[in-house]
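Here the structure is laid out as structure tokens; the discussion comes afterwards.
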Amino acid sequence: MNTPTFDASALRIAAVAAVRAPSMHNSQPWRLRLHDGGIEILSDTARQLAIADSTGWAVRIACGAATFNARMALAVAGTPAAVRWRPYPAEPEVLARLTPVQPRPATYAEQDLHAAIPRRTSNRKPFRPEPVPSGVRLALIEAAHAEGAWLDLLVGMTALSGFAEIAQSADRVLRRDPAYQAELAGWTRADAATDGVPATVGAPVAEPQDLLPQRAFTDRRRAPGRDFEPEPLVAVLGVAGDRLIDQLVAGQALQRVLLTVTGAGLACSMISQPIEVPAARDQLRISLRRAGTPQMTLRIGYGDPSRPTPRREVDDVLVRCGEPVATRR
Ligand SMILES: Cc1cc2nc3c(=O)[nH]c(=O)nc-3n(C[C@H](O)[C@H](O)[C@H](O)COP(=O)(O)O)c2cc1C
């Protein structure tokens, strides 16, 4: 029997979904190629953030999330994929290789997750104060487990205040660095660019009463009385280790959690400052009494609809035979 292979139409299906993945500062550090009948997700090193992501952690989280989207799209198209991480030692930029497995109809879960891909956005605005129902909380924890990660929900004001202190101090450390600030400003867009973060989707300027830090993509002040929710639901996603593959696994799990959030009619923003500063990340791990490694923190709640952030054209992320992988920006 012939080994099943993916073709150019499957590559496009995978790429359309993959590019909707989140990435730090919307840098979109990925490319996709068809190789030996498999679809491969490659890191685009020209798009790695030199200051905020000197280790490549954020590239791997983003590419793990893109892999998850591609997997869902291929499953819904009738040919699910098996994933192999970093398949070629000689080509470390190939982070994932997806190969077809036995065709079958998509499960309801795959259909729901796939349907949520175009609707998922980062929502940095204040959420309404209603609590997230316990059934949804459980579904989020299960979404992380299904992809080999854990998700801890911070319960009670003591846990939340402890987290807020760690996150605010990490944010101060990062903001003290002029190079970090310049890089952030360089990825903040006033116009209709196809990458970077439009100022229109940034959180309003921080005010002293804010519990959590938000990345400063705008200098817009909030409307009077539009404070952030007093007791946000904060979740910490982590995995067993912190090797390159652990970070890719975390990216997949993150995306499954984000799509589950969207599917449940909720909104979410990511707060990665406490992951980016090693001392803060250690403190967070200790405060959770976890042996594994926190890989992302999330704020989840009921929000007003938020605008999608643009992406580059799908054709710009496909790698053709013999073409260099890194794109210019
Ligand atoms: C590794 C990683 C770190 C991120 N950190 C933050 C963050 O600290 N603050 C924030 O507002 N968004 C953060 N984001 C979200 C991105 O800014 C967002 O995904 C990107 O702008 C694309 O927008 P979208 O999520 O609405 O599609 C992060 C995303 C990733 C993958």
Side-chain angles (χ1 to χ4, degrees), residues 17-30 43 47-49 51-69 95 116-127 166-168 170-171 173-175 180 183-184 186-189 193-206 210 212-218 228 232 234 236-239 242 247-248 250-259 261-262 267-277 280-281 284 293-300 303 305-312:
V19 299
R20 290 309 316 168
S23 58
M24 202 180 206
H25 302 359
N26 195 26
S27 51
Q28 305 168 41
W30 46 61
S43 58
R47 290 180 161 270
Q48 179 174 339
L49 304 171
I51 311 295
D53 187 30
S54 58
T55 64
W57 157 81
V59 169
R60 289 181 285 276
I61 294 288
C63 288
T67 303
F68 186 79
N69 279 5
L95 297 183
I117 291 173
R119 292 191 281 116
R120 184 210 60 80
T121 58
S122 294
N123 187 333
R124 303 174 183 86
K125 309 238 161 72
F127 296 159
I166 295 171
Q168 292 285 9
D171 187 58
V173 169
L174 294 170
R175 278 191 293 111
Y180 169 88
E183 187 179 63
L184 181 65
W187 284 94
T188 304
R189 308 285 189 233
T194 56
D195 60 7
V197 180
T200 46
V201 301
V205 173
D210 292 352
L212 304 174
Q214 297 256 25
R215 203 88 70 175
F217 291 112
T218 178
F228 281 91
V234 169
V236 183
L237 179 127
V239 287
D242 198 28
Q247 297 169 358
L248 290 162
Q252 276 219 111
L254 169 68
Q255 187 63 2
R256 186 163 186 146
V257 170
L258 293 173
L259 295 176
V261 165
T262 306
C268 182
S269 66
M270 285 168 252
I271 298 175
S272 62
Q273 293 92 322
I275 309 294
E276 292 163 52
V277 176
R281 196 188 204 191
L284 183 59
T293 323
Q295 297 283 349
M296 183 56 80
T297 67
L298 310 164
R299 177 184 70 110
I300 300 164
S306 69
R307 284 198 218 168
T309 295
R311 296 293 194 272
R312 288 175 296 151

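Heavy-atom basis, side chains included; hydrogens, waters and symmetry copies ignored. Ligands are counted one by one from 1 in listed order, and the atoms in each one are counted from 1 as well.
- With 3.5 Å as the limit, one finds no donor-acceptor pair spanning the side chains of S269 and R215.
- The distance from the CG atom of D171 to the CD1 atom of I271 is 9.5 Å, given to the nearest 0.5 Å.
- Heavy-atom contacts of S122 reach the following atoms of ligand 1: 15 (C), 18 (C), 19 (O), 24 (P), 25 (O), 26 (O) (cutoff under 4.0 Å).
- When side chains are defined from C-beta on, F217 does not count as touching T200, because their heavy atoms never get closer than 4.5 Å.
- Close to ligand 1: S23, with a non-hydrogen atom less than 4.0 angstrom away.
- Close approach to V197 involves these atoms of ligand 1, each under 4.0 Å from a residue heavy atom: 21 (O).
- Of the protein's non-hydrogen atoms, the one nearest atom 30 (C) of ligand 1 is M24 N, 3.5 Å.
- Atom CD1 of I117 and atom CG of N69 lie 4.0 Å apart (nearest 0.5 Å).
- Within the structure, ligand 1 lacks Q214 among the residues with a heavy atom less than 4.0 angstrom away.
- For atom 4 (C) of ligand 1, the closest non-hydrogen atom on the protein side is S272 OG, 3.6 Å.
- Each of the atoms 20 (C), 21 (O), 22 (C) of ligand 1 lies under 4.0 Å from some heavy atom of N26.
- In terms of protein heavy-atom proximity, atom 8 (O) of ligand 1 is closest to R215 NH2, 2.8 Å.
- In summary, the atoms of ligand 1 found under 4.0 Å from a heavy atom of T121, numbered by their order in the structure, are 26 (O).
- Looking only at heavy atoms of the protein, atom 2 (C) of ligand 1 is closest to M296 CE, 3.5 Å.
- The single protein non-hydrogen atom nearest to atom 19 (O) of ligand 1 is P22 CB, 3.1 Å, given as residue, atom name and distance.
- Those atoms of ligand 1 that come under 4.0 Å of a heavy atom in R311, given as number and element, are 22 (C), 24 (P), 27 (O).
- Residue-ligand proximity, Q273 to ligand 1, at heavy-atom distances under 4.0 Å covers atoms 8 (O).
- Distances between N or O atoms of M270 and those of ligand 1 include at least one value under 3.5 Å.
- Near A58, meaning under 4.0 Å from any of its heavy atoms, are these atoms of ligand 1: 1 (C).
- Note that the CD1 atom of I300 and the CE atom of M270 stand 10.5 Å from one another [nearest 0.5 Å].
- Put simply, the side chain of C268 does not reach to within 4.5 Å of the side chain of R120, judged on heavy atoms.
- The N/O atoms of E276, backbone and side chain alike, include none that comes under 3.5 Å of an N/O atom in ligand 1.
- At the top of the distance list for atom 11 (O) of ligand 1, counting protein heavy atoms only, stands R124 NE, 2.5 Å.
- Evaluated for a side-chain hydrogen bond (donor to acceptor under 3.5 Å, both in side chains) with D195, the options H25, R189, R311 yield exactly one hit, R189.
- The distance from ligand 1 to the heavy atoms of I271 drops below 4.0 Å at these ligand atoms: 8 (O).
- From E276, atom CD reaches atom OG1 of T55 across 9.5 Å, with rounding to the nearest 0.5 Å.
- In this model, no donor atom of one side chain and acceptor atom of the other lie less than 3.5 Å apart for R47 and S27.
- W57 and Q295 share a donor-acceptor pair across their side chains, judged by distance under 3.5 Å alone.
- Residues Q28 and R312 have side chains that bring a donor and an acceptor to within less than 3.5 angstrom of each other.
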